[in-house]
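None of the values given here were measured: they were computed from a predicted structure. One-based numbering, in listed order, for ligands and for the atoms of each.
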Amino acid sequence: MGGRRAGAPPAPAAGSATEARLRDAERSENFPVALRVLPARTRAHLRAVYDVVRAIDDIGDGDDDPGRRVGTHPDRADPDRTDTNRTATNRTDTERADRTARLHAFCADLRRVWDGPPGPVDPVLQRLVPTVRACGLAREPFERLVAANLADQHVTRYRTWDDLLGYCVLSAEPIGRMVLAVFGADAPDGSLVQRRSDRICTALQVLEHCQDVAEDLGRGRVYLPAEDMAAFGVTEADLTAPHTPTTVRALVARETERASALLDEGAPLLGQLHGWARLAVAGYLAGGRGAADALRRSRFDVLAGSPRTRRRDVAHHLVRELARSAV
Ligand SMILES: CC(C)=CCC/C(C)=C/CC/C(C)=C/COP(=O)(O)OP(=O)(O)O
């Protein structure tokens with residue numbers, strides 16, 4: 001952990017609609033900016049990174065422009081829609097093409113953070129510039145997130161567990177790499193530090209998928225691998241049931257245990273980190289443990305609503321993980 005974190009990014013314009021939306025999203029996610037105990041400068045860098053990650057996700061989801069969002073699952077389609085299926089398909093195709101074009105445009109602007117001058121045009125990317133300079137952030141993890149969101153435009157199902165892990169390489173692992181860089185952790189390519197971080201990030205992503213089965217389905221996405229669904233006798237129609245069928249519970253339990261095993265594999269990372277980095281990563285790990293607790297406590301009843309992680313569970317795991325890593 002060096003003193004490389006000079007030059008914190010300027011705070012975004014307070015009170016703007018974009019700022020309000022970002023802070024609102026921040027409260028409902030597991031990205032690490034909520035760690036209020038961190039030094040202000042570290043928090044500012046994490047927030048600068050988070051805002052770019054969120055911007056990429058929002059473009060990918062069409063959430064940056066609420067007027068353009070559609071639910072693509074036929075069982076949850078807007079009942080007031082009067083357009084024919086054909087028109088709806090065309091509209092969805094148009095929106096997908098639009099999101100794809102905007103992701104490419106954002107990626108071109110993103111590259112200016114490293115390649116400029118001229119620097120980026122988007123204010124969110126302008127705020128990333130000092131963080132990239134101060135923390136030596138690489139471009140590649142951000143590009144992987146863009147690639148994940150580009151894939152989201154045409155991939156909504158995963159055949160196997162390995163296919164899902166492949167998606168997490170693009171969508172989750174980069175976040176750990178960025179966080180490690182913000183903390184100045186020594187994490188060269190292929191290192192144990194990096195591999196353990198990847199495991200934790202993948203686990204967090206899978207646990208989020210488990211908690212949000214119903215919500216994701218409403219967005220036309222199924223992250224439970226098709227092969228596993230077949231093995232547990234689960235069909236997509238089962239995922240629309242008001243009460244979670246036993247077969248679905250068993251499948252979600254299975255994926256939760258897989259994710260917990262990934263957390264176990266990643267946990268020794270704490271022993272390789274120091275200071276604020278160790279505390280922050282213990283927090284993410286504890287968040288994952290708390291999410292697994294929530295799923296178990298609900299007896300994997302994920303269709304009634306997303307089982308919510310309890311703060312007290314996270315606090316309990318935080319203390320435990322820190323104590324464990326100290327011995
Ligand atoms: C060093 C280390 C191990 C750091 C951990 C960093 C961290 C919090 C990774 C989370 C990965 C993840 C679940 C991404 C998607 O989250 P999202 O809430 O953006 O998901 P969404 O795209 O579905 O909204």
Hydrogens and angles aside, do [X] and [Y] bring a side-chain donor and acceptor to less than 3.5 Å of each other?
X      : Y      : value
Arg296 : Thr256 : no
Gln211 : Thr309 : yes
Asp293 : His317 : yes

With sequence neighbours left out, write down each residue that passes side-chain contact (heavy atoms from CB on, under 4.5 Å) with Thr160, or none if nothing qualifies. Asp162, Asp163, Glu227
Using the ring of each side chain (for Trp, its six-membered ring), is Tyr223 parallel, tilted or perpendicular to Tyr158, with breaks at 30° and 60°? parallel
Under 3.5 Å: N/O of Asp57 near N/O of ligand 1: yes
Could you tell me which atoms of ligand 1, counted from 1 in the order shown, lie closer than 4.0 angstrom to a heavy atom of Gly176? 1 (C), 2 (C), 4 (C)
Relative to the heavy atoms of Val281, which atoms of ligand 1 are at a distance of less than 4.0 Å? 1 (C)
Out of Ile56, Ile175, Leu285, Leu46, indicate the one that has the non-hydrogen atom closest to atom 14 (C) of ligand 1. Ile175
Considering Glu215, Gln194, Glu208 one by one, which has a heavy atom nearer to atom 23 (O) of ligand 1 than any of the others? Glu208
